[in-house]
Amino acid sequence: KQWYQRRVRANNLSHCLHMTELQVIGVGLGRTGTASLQLALQQLGFAPCHHFTELFKKPERLHHFTTMLNDESKTNESLKGIFEGYKATVDFPGCSFYQELMELNPEAKVVLSVRDTPESWVKSARSTIFSRTNGIWAWLVSFTASPNMSHLSSVFKFINIRLGVSVTDPSADLVQVYKDWNSSVIETVSRDKLLVYNVKEGWGPLCEFLGVPVPDTPFPRVNSTEEFNQRARKRLRDGIFKVVGQVGGVVVAVVAGVYLASYINL
């Protein structure tokens, strides 16, 4: 936390790099309805909206995360490179840098997406995003998708740094992590700029906060745990076949095949 506070203070001294493009900054952790919120914001006119999945669409921007890890003085410049062209951001990695993004976009409104309970968030996160940030899944993504995907590990390092734990550690008290994160946001962001929001509330509170009309279409509901894991299994399966094709090693094929069979019940 001291490292984080020092960096925020250092970045606060630099006002020459303003983005002024982000109009909405989502500060809720991943698995708090952020995919649904992304679609909702885009439908309300805040498009494009950044989400973790955007990293796979624009891997050429991933190197900025490694740059920030290696040189704190380039944080603002790197964030500008990552989020340039976006009108909003939700989910990781944007939420991890919300204080810096607020400095870069001083007029932006802030949405803290939450779950019904801390325990429900932990259950969802452990069964999805926090089970995918190490091991064969991350390696296969890095190996097959793009040379730039090797920088994905820097994104995961930042998530661990900002949350203060290793998110894949079974002994990590993620309930407390969730509570501490939300409390910190509420204490940091001025009330007139902050909406604490559960996507179950639908359009009403969100539209009122953003000052936009309520659409006559249903609020989007996407990316359930089952949907997330279906996509993850497909990405893992495709990645294994690509690795086998590129490496051509019998050992890799056997090991990957055994792992895949046990993991996704082929």
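In terms of modelled atom types and a separation under 3.5 Å, the side chain of D173 and the main chain of Q176 share a donor-acceptor contact. Remark: the backbone N or O of P118 is not paired with any side-chain donor or acceptor of K179 at under 3.5 angstrom. No donor-acceptor distance shorter than 3.5 angstrom exists from the side chain of R162 to the backbone of K157, with no hydrogens or angles considered. Side chain of T188 to backbone of S184: a donor-acceptor contact under 3.5 angstrom is found. Distance alone, capped at 3.5 Å, places no donor-acceptor pair between the Y86 side chain and the H51 backbone. S124 places no side-chain N or O within donor-acceptor distance of the main-chain N or O of S120, the cut-off being under 3.5 Å. With hydrogens and angles ignored, the 3.5 Å screen pairs a side-chain donor or acceptor of S127 with a backbone N or O of K123. In this structure a side-chain-to-backbone donor-acceptor pair under 3.5 Å is missing from W121 to D116.
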Check against side chain to side chain contact (heavy atoms under 4.5 Å, CB included), L174 and R126
CA-CA 9 Å; L174 294 186; R126 283 203 187 280; 3.5 Å; yes

Verdict with supporting geometry, T89 and V24, side chain to side chain contact (heavy atoms under 4.5 Å, CB included)
CA-CA 7 Å; T89 179; V24 182; over 6 Å; no

Could you go through the side chain to side chain contact (heavy atoms under 4.5 Å, CB included) check for C49 and V90 one step at a time?
CA-CA 7 Å; C49 177; V90 297; 4.0 Å; yes

Yes or no on ring pair (Phe, Tyr, Trp, His ring centres under 6.0 Å) for F97 and F83, after CA distance, side-chain angles and deciding distance?
CA-CA 11 Å; F97 299 95; F83 295 100; 7.5 Å; no

How far apart are the C-alpha atoms of E77 and K80, what are their side-chain angles, what is the distance that settles it, and do they pass the side chain to side chain contact (heavy atoms under 4.5 Å, CB included) test?
CA-CA 5 Å; E77 181 181 355; K80 187 174 182 181; 5.8 Å; no

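Side-chain contact annotation: Y178 with E119, donor-acceptor N/O pair under 3.5 Å absent.
Shortest non-hydrogen contact noted between C207 and P215 is SG-CD, 3.8 Å. The heavy-atom pair separating M102 from I25 by the smallest distance is N-CD1, 3.7 Å. Here the shortest heavy-atom pairing between P93 and L55 reads CD-CD1, 4.1 Å. Contact record, G28 with S113: CA-OG, 3.4 Å, taken as the closest heavy-atom pair. In plain terms, the two heavy atoms of C95 and W181 that are nearest each other are O-CZ2, 3.2 Å. A pairwise comparison of heavy atoms in Q38 and H50 identifies NE2-C, 4.4 Å as the closest pair.
In terms of hydrophobic clustering, with Ile, Leu, Val, Met, Phe, Trp and Tyr side chains grouped at heavy-atom distances under 4.5 Å, V196 and V177 are assigned to a common cluster. Hydrophobic clustering, with ILVMFWY side chains joined whenever heavy atoms are under 4.5 angstrom apart, groups F156 together with Y98. Hydrophobic clustering (ILVMFWY, side-chain heavy atoms < 4.5 Å, transitive): V222 and V111 are in distinct clusters. Linking ILVMFWY residues whenever their side-chain heavy atoms come closer than 4.5 Å, directly or via other members, leaves L37 and V189 in distinct clusters. The same ILVMFWY cluster, assembled from side-chain heavy atoms under 4.5 Å apart, contains both L29 and L194.
By the 4.0 Å N-to-carboxylate-O rule, E100 lies too far from K74 to be salt-bridged with it. Using a 4.0 Å cut-off between charged nitrogen and carboxylate oxygen, D91 and R31 do not count as a salt-bridge pair.
For the pair I159 and V167, the minimum side-chain heavy-atom distance is below 4.5 Å. Side chains of F52 and V155 form a contact here, defined as non-hydrogen atoms less than 4.5 Å apart. Using a 4.5 Å heavy-atom threshold, the side chains of V175 and V122 count as touching. For the pair Q23/E107, no side-chain contact is recorded, criterion being any heavy-atom separation below 4.5 Å from C-beta on. Taking 4.5 Å as the limit, some side-chain heavy atom of R221 sits within range of a side-chain heavy atom of V199. In this structure the side chain of V27 never reaches within 4.5 angstrom of the side chain of L101, judged on heavy atoms.
Distance check: L210 CG to L195 CG gives 7.5 Å after rounding to the nearest 0.5 Å. Distance check, rounded to the nearest 0.5 Å: NZ of K109 to CG of L206 gives 10.0 Å. Between the CD atom in E103 and the CG atom in L79 there is a gap of 11.5 Å [rounded to 0.5 Å]. Rounding to the nearest 0.5 angstrom, the gap separating the CZ atom in F130 from the CG atom in N160 is 8.0 Å. Here the straight-line distance linking atom CG of L163 with atom OG of S96 works out to 6.0 Å at 0.5 Å rounding. Taking CD of E21 as the reference point, atom CG of L104 lies at 10.5 Å (rounded to 0.5 Å).
Within 6.0 Å of NZ in K193 there are more than 12 heavy atoms belonging to other residues, nucleotides or ligands. Shown here is E201, whose CD atom has more than 12 heavy atoms of other residues, nucleotides or ligands within 6.0 Å.
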Less than 3.5 Å apart, which donor and acceptor atoms pair up between the side chains of residues 62-69 and the rest of the protein, not counting sequence neighbours?
unit_1: T66; atom_1: OG1; unit_2: H151; atom_2: ND1; d: 2.6
unit_1: T66; atom_1: OG1; unit_2: S154; atom_2: OG; d: 2.8
unit_1: T67; atom_1: OG1; unit_2: H63; atom_2: O; d: 3.1

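Between F219 and W203, the angle of the ring planes goes over 60°, which puts this pair in the perpendicular group of the 30/60° scheme.
When each of D71, N76, T75 is tested with S73 by the rule side-chain hydrogen bond (donor to acceptor under 3.5 Å, both in side chains), just one qualifies, namely D71.
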